[in-house]
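Below you'll find the structure, written out as structure tokens, and then a few comments.
Residue numbers start from 1 in every chain, and the chains themselves are labelled A, B, ... in the order their sequence lines are given, proteins ahead of strands. Remember, predicted model here, so these are calculated numbers, not experimental data.
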Number of protein chains: 2
Amino acid sequence: MTKDENSRDHIQSLERGFQVLLAFDADRPNPSLAELASATGLSRPAVRRILITLQSLGYVKGEGGHWSLTPRVLSIGQHYSASHAMIELSQPHLMRLAEQTSESASLAALDGTDVVYIGRVPVRRIMSINIAIGSRVPAYATSMGRVLLAWAPPKHVDEVIDAGLRPLTRNTVTDPDEFRRELRTVRAEGYSIVAGELEEGLLSVSAPVRDQSGTVIAALASSTSSGRATVEELRSEIAPLVVRTADAISADYGHRASGKATSTVHREHEGFF
Amino acid sequence: MTKDENSRDHIQSLERGFQVLLAFDADRPNPSLAELASATGLSRPAVRRILITLQSLGYVKGEGGHWSLTPRVLSIGQHYSASHAMIELSQPHLMRLAEQTSESASLAALDGTDVVYIGRVPVRRIMSINIAIGSRVPAYATSMGRVLLAWAPPKHVDEVIDAGLRPLTRNTVTDPDEFRRELRTVRAEGYSIVAGELEEGLLSVSAPVRDQSGTVIAALASSTSSGRATVEELRSEIAPLVVRTADAISADYGHRASGKATSTVHREHEGFF
DNA sequence: CACCTCCGGTACGCTATGCGTACAGTCTGA
DNA sequence: TCAGACTGTACGCATAGCGTACCGGAGGTG
């Protein structure tokens, strides 16, 4: 077959393995072999081989004709965290920010058009969203996404816009021009505030975290709900604290602040994460 | 080659893919192709093919001859969390326990001879250990491990003992008989307290969480340090709270308490996780 | 009780898949 | 300028991994 996207240098069995692994879901927690086969579109023997391999690696477990993921799947992420020193290093800062504000503090990185939580100290359950490390949220509708995009190569911004700015609440910015203007504002002010664009009543402030070279590699956020604070309060009280904390993390990570927040707008390479 | 452990039904490329993915580490955050090849023992072209495949799946990123993991790796774990409703459901309970005790609260499951953190609300940084969701700790030296082993099939206990009870501090229980006695005590009392066996000065109390059938599938813990509490205080004040919270999680998950804590000692199958 | 259906497991032969060797091109440092 | 170490590519071979086909068992249904 010459129809494949990558054709050469693409290992079919590896991709299929992930297909099966990712087929486990909230809707499909204990699938049978046949169920997985139809969900992935693979033949039953193929799925069986994959499951047996995954089982021998300890990632899945078969029992009474039904399969489930083991906690070892969670440990895979440890390799990401461990290989990015910034994450561990930011933990005390997150904790302090959460204490000072009595609100949840989060750290996130950009992955495609999504924002992925890479660190978090929960304080209260925020609205209906269940946020945990590894959770994904559309970048365009969150303060962390805005920060990351504001300093990202233009290519990324185009990607996000091309993917579509769908209204998630009636406040969501969906106009490309307005969105780009918003990013420019964020870059000028050094932080982002988003109010109820991802979910009604959800407020958050976010500021950039930089590596040694000044590249923005993550975003720090403090989140609250409209019942507990107003946008103005966030701007005057919380935003400076978030910016200061983000700068502290950057400094810990090796970034020498050069004046204010104007080091490098963006680097040629796409950032560390 | 007929020497392989499983021979048939084992997919080589899949295993190799994970080998490469897991080769990223704190010591090897941005390996080169050659570095990964020598670390995994695979040929350079093989590693290259795997990297290209993983890149197309979004898990790694190559840049200037060096490779790194992307945050998408963290999202893999979401499939575990999502497929085990108990985790999300336990979150408010963890939060409440953390508030009531002003100490970190954790939830963990058994994976082989390790305990894996599957939920956590941090309050303070505990000692030198960096604990995050997905972190692994030897089961035998922690209160959560003791709880999980106390109700696990004997086979698991044998495994842990066979793997060796190495002293991690001078308090670590290393004698197999004493260890089994300890597990019996835990089962009788319905909770476990471990003081400084994993790390000097680290104290924790743990209680079992059960599923519908009464099988122990997770352990809930509250952790503190010897500077802030004594074993006696833990026993009289914190332990009952941890047990009550664990029971509440079990109830939320569908377990009907049958009297006290004496439902099923252990089920034939190995538990849900 | 016989029939049907859906399942998981196994066998097997084929071929495309993935393999390693070998070579080319590049960069760095001696 | 050369040596060494690296990445990337080409290529031909072996086999790894594929799907079809078949078997036996477990419900469900008439």
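For the salt bridge (charged side-chain N to carboxylate O under 4.0 Å, His left out) condition, no pair includes a residue of residues 21-40 of chain B, sequence neighbours left out. Counting only residues at least two apart or in different chains, side chain to side chain donor-acceptor pair (under 3.5 Å) contacts with residues 38-48 of chain B comprise A:Asp9-B:Arg48.
Residues from residues 38-46 of chain B placing a heavy atom under 4.0 Å of any atom in DNA chain C, listed by number, are B:Ser43, B:Pro45, B:Ala46. For the contact set between residues 19-29 of chain A and DNA chain C, defined by any heavy atom under 4.0 Å, there are no members.
For A:Thr113, there are no side-chain hydrogen bond (donor to acceptor under 3.5 Å, both in side chains) partners two or more places apart in sequence or in a different chain. For A:Ala132, the side chain to side chain contact (heavy atoms under 4.5 Å, CB included) test picks out A:Ser135, B:Gln78, with sequence neighbours left out. Residues satisfying the salt bridge (charged side-chain N to carboxylate O under 4.0 Å, His left out) criterion with B:Arg146, sequence neighbours excluded, are B:Glu182, B:Glu197. Applying the side-chain hydrogen bond (donor to acceptor under 3.5 Å, both in side chains) criterion to B:His79, with sequence neighbours excluded, gives no partner residue. Residues passing the side-chain hydrogen bond (donor to acceptor under 3.5 Å, both in side chains) test with B:Arg72 are A:Asp111, sequence neighbours excluded. The side chain to side chain contact (heavy atoms under 4.5 Å, CB included) search around A:Thr142 returns A:Val115, A:Val137, A:Met144, A:Leu198, not counting sequence neighbours.
At least one side-chain nitrogen or oxygen of A:Ser13 sits closer than 4.0 Å to the OP1 or OP2 atom of C:dG18. An OP1 or OP2 oxygen of C:dG9 is reached within less than 4.0 angstrom by a side-chain nitrogen or oxygen of A:Arg48.
Both A:Arg49 and A:Ile11 lie near DNA chain C, and the one whose nearest nucleotide falls closer to the 5' end is A:Arg49. Toward the 5′ end of DNA chain D lies the nearest nucleotide of B:Ser32, the other residue of the pair A:Ile50 and B:Ser32 mapping further downstream.
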Every protein N/O within reach of nucleotides 25-30 of chain C N/O, cut-off under 3.5 Å:
none

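A:Asp114 places no side-chain N or O within donor-acceptor distance of the main-chain N or O of A:Val116, the cut-off being under 3.5 Å. Listed for the B:Ser206 side chain is a donor-acceptor partner under 3.5 Å among the backbone atoms of B:Leu220.
Fit an axis to the five pairs at each end of the helix from C:dC1-D:dG30 to C:dA30-D:dT1 and the two axes sit 30° apart, to the nearest 10 degrees.
With distances taken from any side-chain atom of A:Arg16 to the nucleotides C:dC19, D:dC18, C:dC7, the minimum falls on D:dC18.
Atom pair A:His66:NE2 and C:dC7:P shows a separation of 10 Å (rounding to whole Å applied). Nucleotide D:dA26 holds its P atom 17 Å from the CG atom of A:Leu33, rounded to whole Å. Rounded to whole Å, the distance from CG on A:Asp9 to P on C:dT17 is 13 Å. Here D:dA16 presents its C1' atom at 7 Å from CD of B:Gln12, a figure rounded to the nearest Å.
Closest of all the heavy-atom pairs between A:Ser192 and A:Val147 is CB-CG2, 3.7 Å. Residues B:Asn30 and B:Ser68 share a closest heavy-atom pair of ND2-CB, 3.4 Å.
Between the side chains of B:Asp211 and B:His255, no donor-acceptor pair is found at a separation under 3.5 Å.
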